Chemist: 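One structure is given below, represented as structure tokens, and several questions about it will come after.
Here the structure is a predicted model, which means the values were calculated and not measured.
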Amino acid sequence: MSIFSDLAHQYIDGEWLAGNGSWDIIDVNPYNGEKLAAITVATVEQVDQAYRGAERAQREWAATSPYIRRAVLERALRITEEREKEIVEAMIDELGGTRPKAEYEVRLAMEFIRESLQLAVRPEGRILPSPVEGKENRVQRLPVGVVTVISPFNFPFLVTLKSVAPALALGNAVVVKPNQNAPVVGGGVIAKIFEDAGLPAGLLNVLVTDIAEIGDALLTHPVPKVISFAGSDRVGRHVGAVAARHFKRTVLELSGNSALVVLDDADLDYAVDAAVFSRFVYQGQVCMAANRILVDASVAEEFTEKFTARVRGLKTGDPHEADTHIGPLINSFQADALTALVDQAVKSGAQALVRGSTRGNLVEPTVLAGIPEDSPLLGQEIFGPVALLVVFDGEDEAVRLANATPYGLSGAVHTRDVERGVRFAQRIETGMIHVNDSTIGDEPLAAFGGEKASGLGRLNGEATVEAFTTQKWISVQHGRTAFPF
């Protein structure tokens with residue numbers, strides 16, 4: 001199977017189809033510019049076709065034994081394991097991430113499928129007491145119906161599967177719209193895995209399209225009940241507003257501006273390791289990445305020297321090469337915008353301790369310091385290999401600086417005193433924070449999501465059950481209710 005030639009299509013109601021639109025999305029290798037595929041966009045009519053097929057198939061799927069649903073997921077897991085190397089290669093080509101990043105993404109995605117095996121048989125009903133004599137209250141947990149998954153380009157295989165697999169396990173059908181920069185790894189590959197695993201037609205659909213073609217049809221269509229979206233807060237605000245107007249639930253995983261905080265008693269060598277990874281993994285194109293590295297003044301000089309030395313040693317280049325640390329940004333627009341952002345920061349007074357050059361989509365790492373506290377740069381998400389070093393004086397100032405952002409997705413704090421780290425973490429306004437680790441983490445059982453402008457709702461573990469099911473109260477009166485009239 002050639003992934004890009006075979007899977008660069010729409011997948012609607014169990015059929016691989018061409019889009020009916022009048023223009024193509026071009027899938028390009030961001031490192032060398034090679035054209036991987038051209039996919040004609042899906043139309044509003046095809047959106048309706050996907051949703052109607054999902055609605056029809058879901059009714060029977062919801063009535064299917066959860067053990068049968070689990071068996072399909074077991075086969076999907078085995079197929080993913082068998083195709084792991086092929087998926088990794090496709091991921092490097094389509095996303096420009098390094099091999100370790102691609103391998104990590106596929107392995108973690110498989111962990112989420114494993115957890116979904118258990119979700120298939122986890123939802124339980126409850127019998128609740130009633131103050132009414134003779135009454136029994138039964139509360140059932142049921143699938144919501146059809147779930148829409150809109151996924152990003154940076155971790156498309158993982159982020160898509162962490163909604164798709166549990167939604168299917170819980171008895172739902174799914175319609176996926178992958179990011180235009182990852183239509184195959186984030187869409188076609190996943191559809192093929194489940195098709196080969198024996199998932200009945202209609203339960204998983206993939207629509208490669210764009211708002212320019214379909215407008216808000218994915219959000220306003222009457223069939224889907226839950227929208228699971230991962231992407232920027234700008235788009236997320238629109239998704240949330242439109243969904244709310246149509247009484248649809250949302251799970252929104254949005255932008256971040258995480259701080260990695262180095263306290264005065266930190267293990268500096270280890271903190272440097274964590275900071276370099278947290279800022280520069282996948283070229284910094286990660287919502288949980290450490291945009292800001294906050295360092296206590298008492299250790300700032302030593303930390304800065306070690307950190308900048310490590311950053312200068314990072315190799316930027318071909319992501320297929322084993323010793324490459326930083327590959328290309330996803331497209332030329334992002335590369336040019338990031339370069340302009342750094343130029344403006346330096347003109348505004350920031351000091352470039354490390355200044356990387358830009359060659360096409362390859363942007364070498366940059367480290368900026370001396371940024372004025374009122375600079376907008378400190379409050380925004382930077383989706384690229386640019387680290388901001390900020391010196392603070394004492395824990396209270398560190399807390400204030402860490403919270404001085406509209407976002408609240410992730411974070412980290414480094415200290416030799418674990419309980420001090422926990423106390424510090426409790427003061428940070430964020431959905432996730434890690435003591436003596438990276439800002440980047442995702443696990444199948446731990447609730448994942450942000451505060452403030454970083455999103456709404458949670459996924460993973462019990463939070464996923466809550467996201468993709470609804471509750472129904474059925475009461476039974478075994479006696480006779482005494483009515484007042």
Side-chain angles (χ1 to χ4, degrees), residues 2-11 19 24-42 80 83-84 86-99 101-106 108-109 112 148-165 174-194 204-213 218 228-232 235-236 253-255 281-289 319-320 327-335 361 383-384 442:
S2 173
I3 282 182
F4 292 104
S5 62
D6 293 348
L7 303 182
H9 304 285
Q10 314 295 335
Y11 185 67
D24 293 347
I25 287 172
I26 307 301
D27 192 14
V28 176
N29 181 318
Y31 173 67
N32 59 22
E34 176 190 356
K35 178 181 173 181
L36 301 173
I39 307 173
T40 304
V41 293
T80 305
R83 298 176 186 171
E84 179 178 358
E86 188 178 15
I87 296 170
V88 165
E89 294 300 324
M91 198 174 286
I92 296 171
D93 286 336
E94 190 168 57
L95 309 181
T98 61
R99 186 171 304 278
K101 182 267 184 189
E103 291 172 343
Y104 165 81
E105 180 172 354
V106 177
L108 187 54
F112 276 92
T148 300
V149 178
I150 304 173
S151 57
F153 76 82
N154 55 354
F155 284 85
F157 189 71
L158 169 63
V159 174
T160 303
L161 270 172
K162 66 183 286 188
S163 284
V164 167
V174 183
V175 173
V176 174
K177 194 205 86 67
N179 187 278
Q180 290 187 28
N181 293 293
V184 174
V185 172
V189 169
I190 294 170
K192 183 61 175 173
I193 287 170
F194 280 97
L204 177 59
N205 303 267
V206 173
L207 296 169
V208 181
T209 190
D210 183 80
I211 194 170
E213 177 69 30
L218 275 171
S228 179
F229 172 85
S232 71
V235 179
E253 192 271 285
L254 308 179
S255 306
V281 66
Y282 191 42
Q283 296 78 268
Q285 299 174 122
V286 183
C287 56
M288 295 173 283
H320 276 284
L329 293 189
I330 194 64
N331 54 43
S332 59
F333 175 83
Q334 296 295 336
N361 292 347
F383 231 52
D442 195 359

Chemist: Under the rule for ring pair (Phe, Tyr, Trp, His ring centres under 6.0 Å), what residues qualify as partners of Phe229, not counting sequence neighbours?
Modeler: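 Partners of Phe229 by the ring pair (Phe, Tyr, Trp, His ring centres under 6.0 Å) criterion come out as none, since no residue qualifies.
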
Chemist: Which atoms form the tightest heavy-atom contact between Val176 and Gly186, and what is the distance?
Modeler: CG1-O, 3.9 Å

Chemist: Hey, what do you get for CD (Gln10) to CD1 (Ile39), rounding to the nearest 0.5 Å?
Modeler: 7.0 Å

Chemist: Compare every heavy atom of Ser151 with every heavy atom of Thr160, then report the nearest pair and how far apart it is.
Modeler: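 Between these two residues, the closest heavy atoms are OG1-OG, 2.9 Å.
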
Chemist: Tell me, with the steps shown, if Asn181 and Asn331 meet side-chain contact (heavy atoms from CB on, under 4.5 Å).
Modeler: CA-CA 9 Å; Asn181 293 293; Asn331 54 43; 3.9 Å; yes

Chemist: If you look at every heavy atom in Val206 and Ala191, which pair is closest and at what distance?
Modeler: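 Closest approach of Val206 to Ala191, heavy atoms only: CG2-CB, 3.9 Å.
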
Chemist: Would you say the side-chain atoms of Ser332 and Asn361 include a donor-acceptor pair closer than 3.5 Å?
Modeler: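 Absent: no donor and acceptor within the cut-off.
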
Chemist: Mind checking what makes side chain to side chain donor-acceptor pair (under 3.5 Å) contact with Thr80, not counting sequence neighbours?
Modeler: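 If we apply the side chain to side chain donor-acceptor pair (under 3.5 Å) test to Thr80, skipping adjacent residues, there are no hits.
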
Chemist: So does Ala42 get a backbone contact from the side chain of Glu213, meaning a donor-acceptor N/O pair under 3.5 Å?
Modeler: no

Chemist: Taking all heavy atoms of Asn154 and all of Glu105, pick out the closest pair and write down the distance.
Modeler: O-OE1, 4.0 Å

Chemist: Identify the two heavy atoms, one from Leu329 and one from Gly384, that lie closest to each other, and give their separation to 0.1 Å.
Modeler: CD2-CA, 4.3 Å

Chemist: Can you name the side chain to side chain donor-acceptor pair (under 3.5 Å) partners of Gln334, sequence neighbours left out?
Modeler: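 Gln334 satisfies side chain to side chain donor-acceptor pair (under 3.5 Å) with no residue once adjacent residues are dropped.
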
Chemist: Verify side-chain contact (heavy atoms from CB on, under 4.5 Å) between Tyr11 and Phe194, making sure each step is shown before the conclusion.
Modeler: CA-CA 11 Å; Tyr11 185 67; Phe194 280 97; over 6 Å; no

Chemist: Can you list the residues that meet the side-chain contact (heavy atoms from CB on, under 4.5 Å) rule with Tyr31, with sequence neighbours excluded?
Modeler: Asn29, Asp318, Pro319, Pro328, Leu362

Chemist: Is there side-chain contact between Val189 and Ile3, with at least one heavy-atom pair below 4.5 Å?
Modeler: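 The answer is yes; the side chains approach within 4.5 Å.
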
Chemist: What I'd like to find out is whether the side chain of Ser228 reaches to under 4.5 Å of the side chain of Thr148, using heavy atoms alone.
Modeler: no

Chemist: Over all heavy atoms of both residues, which pair between Ser232 and Ser255 is shortest? Give the atoms and the distance, please.
Modeler: CA-OG, 3.3 Å

Chemist: Pick out which of Leu95, Ile193, Leu108 makes a side-chain contact (heavy atoms from CB on, under 4.5 Å) with Phe157.
Modeler: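 It is Ile193; the other options fail the test.
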
Chemist: Run the side-chain contact (heavy atoms from CB on, under 4.5 Å) test against Thr98 and tell me which residues pass, sequence neighbours left out.
Modeler: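 Listed in chain order: Pro100, Lys101, Thr324.
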
Chemist: Can you list the residues that meet the salt bridge (Lys or Arg N to Asp or Glu O under 4.0 Å) rule with Asp27, with sequence neighbours excluded?
Modeler: none

Chemist: Among all residues two or more places apart in sequence or in another chain, which pass the side chain to side chain donor-acceptor pair (under 3.5 Å) test with Asp210?
Modeler: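 Asp210: side chain to side chain donor-acceptor pair (under 3.5 Å) contacts with Gln180.
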
Chemist: Which value, rounded to the nearest 0.5 Å, describes the distance between Phe4 atom CZ and Leu36 atom CG?
Modeler: 4.5 Å

Chemist: Between CG of Asp442 and CE of Met288, what distance do you get to the nearest 0.5 Å?
Modeler: 5.5 Å

Chemist: If I take atom CD from residue Glu34 and atom CG from residue Asp93, how far apart are they, to the nearest 0.5 angstrom?
Modeler: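 One finds 6.5 Å between CD of Glu34 and CG of Asp93.
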
Chemist: Mind checking whether Tyr282 and Tyr104 have side chains closer than 4.5 Å, heavy atoms only?
Modeler: no

Chemist: With sequence neighbours left out, what residues match Glu89 under side-chain contact (heavy atoms from CB on, under 4.5 Å)?
Modeler: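 Only Arg99, His320 meet the side-chain contact (heavy atoms from CB on, under 4.5 Å) criterion with Glu89.
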
Chemist: With a 4.5 Å limit on heavy-atom distance, are the side chains of Ile190 and Leu161 in contact?
Modeler: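 In contact.
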
Chemist: Please determine whether a side-chain nitrogen of the Lys or Arg among Asp6 and Lys192 lies less than 4.0 Å from a carboxylate oxygen of the Asp or Glu.
Modeler: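 Result for this pair is no, no salt bridge flagged.
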
Chemist: Go through the structure and list residues passing side-chain contact (heavy atoms from CB on, under 4.5 Å) with Lys177, not counting sequence neighbours.
Modeler: Ile150, Thr209, Leu218

Chemist: Using side-chain heavy atoms (C-beta onward) and a distance below 4.5 Å, is Glu94 in contact with Pro183?
Modeler: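 Touching, per the 4.5 Å side-chain cut-off.
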
